[in-house]
K.L.:
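Encoded as structure tokens, here's the structure I'll be asking about.
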2 protein chains.
Amino acid sequence: MSTTLNIQAEIIPNISVDCVIFGFDKNSKSLNVLLIERFLKLEDSEVPAVNDYVLRGFHTFENETIDDTANRVLKELTGLEHLYKKQFKVFGDPNRLKNEKDIIWAENEHFNRRTITIAYYVLLPTDAFQLENNPYKPKWFPVNQLPELGFDHQKIINEAYADLKEKVLHKPIVFELLADKFTIKELQDTFEAILGVEIDNRNFRRKLITKKYIIALDEKQTGVSKKPSQLYMFSKDVYQKIYKESYLINI
Amino acid sequence: MSTTLNIQAEIIPNISVDCVIFGFDKNSKSLNVLLIERFLKLEDSEVPAVNDYVLRGFHTFENETIDDTANRVLKELTGLEHLYKKQFKVFGDPNRLKNEKDIIWAENEHFNRRTITIAYYVLLPTDAFQLENNPYKPKWFPVNQLPELGFDHQKIINEAYADLKEKVLHKPIVFELLADKFTIKELQDTFEAILGVEIDNRNFRRKLITKKYIIALDEKQTGVSKKPSQLYMFSKDVYQKIYKESYLINI
DNA sequence: ATTAATAAACGTTTTATAAACGCTATAATA
DNA sequence: TATTATAGCGTTTATAAAACGTTTATTAAT
């Protein structure tokens, strides 16, 4: 690893961070996951030994917090900082890297077979950054149509998605998947894409616009060939004030 | 570490698991945390160098999953298996062990100052096991009246408690803090202790007994000097059937 | 036996929210 | 100026929450 990358600090060889980056594409109304290619061609072979996709991750440095590792990985991959991220689970099974390709890959990269990885998921709109000219050649895939994945990354994504589905019902995190200014319809599309359900637009609309933390702006959509819709923003401050002592037991 | 304990497998020196054990005491209606004493007297001193409380934890073995580490720690401490546990966060700040006592302790125990710990919280009724003759000399403390804590364990408990408060509103985990058979009042007491609120008994009672997964037993409380109350049980099966596709957006 | 004390358990009314549906309004474009 | 697609408003009904009052079953004391 240190042979291929010039790094400024010592890595902790058995601890890494992996990031499940969820992006919502409001045009295709699709919840996507950002993956990078894992490609390895050994000298003695025509066909690649490894050719699939994985999440982007990296080892933690000796002098770094886990959150900082995640921030670093995210910055390198997307160019963005201050992204919404949730550390949701550790994957530390001694047999995480079990299939043949993983073993070939791990040997080639000389990395510790007993690495425990701390997994985060991240929420952003897919258009928050550009994929072109990105050295990692990342690609968006709809969360329900993922390609073949290396390591235990399918499992990690599954668990991230389950956590997201659950959390989105109670916490105001949908907004992280949209631009600062959004329409009610986009918000509904986002919920529908995450939860895989259909929601009545009229009831949804009413429910949302009556919330005090959903604030109508003096602005409408432009560049649409239909009735342009009202833009709204989400006020985190107002939300937190209201929900500071809300404890509706809902079991 | 390996000098004091005879262990059957190699530990991973920089990875540990810590368990925040929450116990509900239905008599005192108190949500408690189980702590063990951390005590060290150096040869050259009269007063102990370290004398405070910590969570129980241990390093992960080379051939062990993280969950198994937690199970092992819990079994050793409580004698119990199959406890409800939730892996809720990793604490990996390079400066986690910052105060003087932690440094003295870490040196004495020769353990890695850059240990990342994977924290779980566990739910059980305090009377699920006995404290007497326990080699770790564990003690229950009300979650809001904790003694001086070592390492970053106050922080870990705070975050565990925050997660519990949040989770208890949406997931059927209160039942883990009670015996299999419980009264509606005990259930209410548990919610009140966790959330630190008062709940109207009449509304709470009605709400709960109409749930299909709260099942009235052919049994009443005994040994009480008041009207004995009806015992109930929680059916996980029924719960899961009902809530498989519930997605009430509640932001 | 009667009564007091205590918590269990049931009931009623009001208010708020959710669900299900019909209908109107506004813009770009043809 | 008509078309069309989506934005956006309205109404009614069903369900659940909130805020109370009242009754009942038990033990223990008189």
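Protein chains get the first letters and strands the later ones, always in sequence-line order, with residue 1 at the start of each.
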K.L.:
Between dC20(D) atom C1' and Asn201(B) atom CG, what is the distance in whole Å?
P.N.:
13 Å
K.L.:
Using the test side-chain hydrogen bond (donor to acceptor under 3.5 Å, both in side chains), find all partners of Ser235(B) that sit at least two apart in sequence or belong to another chain.
P.N.:
none
K.L.:
Between Thr126(A) and Asn32(A), is a side-chain hydrogen bond (donor to acceptor under 3.5 Å, both in side chains) present by the stated rule, with each step listed?
P.N.:
CA-CA 8 Å; Thr126(A) 50; Asn32(A) 298 330; 5.2 Å; no
K.L.:
Under a 4.0 Å heavy-atom cut-off, which of residues 203-212 of chain A touch DNA chain C?
P.N.:
Asn203(A), Arg206(A), Lys207(A)
K.L.:
With salt bridge (Lys or Arg N to Asp or Glu O under 4.0 Å) as the rule and sequence neighbours excluded, what pairs involving residues 207-231 of chain A come up?
P.N.:
Lys181(A)-Glu219(A)
K.L.:
Measure from CG on Leu248(A) to C1' on dA18(D) and round the result to the nearest Å.
P.N.:
11 Å
K.L.:
Calculate the interatomic distance between Glu198(B) atom CD and dA19(D) atom C1'; express it in whole Å.
P.N.:
15 Å
K.L.:
If the condition is side-chain hydrogen bond (donor to acceptor under 3.5 Å, both in side chains), which residues does Asp52(A) pass it with, not counting sequence neighbours?
P.N.:
Arg38(A)
K.L.:
For the side chain to side chain contact (heavy atoms under 4.5 Å, CB included) test, which of Thr65(B), Val90(B), Ile15(B), Thr60(B) pairs with Ile116(A)?
P.N.:
Ile15(B)
K.L.:
With 3.5 Å as the limit, what N/O pairs link the protein to nucleotides 23-30 of chain C?
P.N.:
residue: dA28(C); atom: O4'; partner: Ser225(A); partner atom: O; Å: 3.4

K.L.:
Among residues at least two apart in sequence or on other chains, which ones pass salt bridge (Lys or Arg N to Asp or Glu O under 4.0 Å) with Asp200(B)?
P.N.:
Arg202(B)
K.L.:
Expressed in angstrom and rounded to an integer, what is the separation of Asp200(A) atom CG from dA7(D) atom P?
P.N.:
13 Å
K.L.:
Quick one: side chains of residues 136-144 of chain B, donor-acceptor pairs under 3.5 Å with protein atoms, not counting sequence neighbours, listed by atom name and distance.
P.N.:
residue: Tyr136(B); atom: OH; partner: Arg56(B); partner atom: NH2; Å: 3.4
residue: Tyr136(B); atom: OH; partner: Glu76(B); partner atom: OE1; Å: 2.9

K.L.:
In residues 177-197 of chain B, which ones come under 4.0 Å of DNA chain D, going by heavy atoms?
P.N.:
none
K.L.:
Looking at residues at least two apart in the chain, or sitting in another chain, which of them share a ring-ring contact (aromatic ring centres under 6.0 Å, His included) with Phe182(B)?
P.N.:
Phe175(B)
K.L.:
Whole-Å distance between dT17(C) P and Asn250(A) CG?
P.N.:
14 Å
K.L.:
Mind jotting down which residue pairs meet the ring pair (Phe, Tyr, Trp, His ring centres under 6.0 Å) criterion with at least one end in residues 185-221 of chain A? Sequence neighbours excluded, please.
P.N.:
Phe191(A)-Phe204(A), Tyr213(A)-Phe234(A), Tyr213(A)-Tyr239(A)
K.L.:
Just list the side-chain donor-acceptor pairs under 3.5 Å for residues 156-168 of chain B, sequence neighbours left out, or say none.
P.N.:
residue: Asn158(B); atom: OD1; partner: Gln154(B); partner atom: NE2; Å: 3.0
residue: Asn158(B); atom: ND2; partner: Gln154(B); partner atom: O; Å: 3.4
residue: Glu159(B); atom: OE1; partner: Lys89(B); partner atom: NZ; Å: 3.0
residue: Tyr161(B); atom: OH; partner: Ile194(B); partner atom: O; Å: 2.7
residue: Asp163(B); atom: OD1; partner: Tyr121(B); partner atom: OH; Å: 2.8
residue: Glu166(B); atom: OE1; partner: Lys171(A); partner atom: NZ; Å: 2.9

K.L.:
In this structure, how many angstroms lie between the P atom of dA16(D) and the CD1 atom of Ile249(A), rounded?
P.N.:
17 Å
K.L.:
Test of understanding: with salt bridge (Lys or Arg N to Asp or Glu O under 4.0 Å), list the residues that count as partners of Glu81(A), not counting sequence neighbours.
P.N.:
Lys75(A)
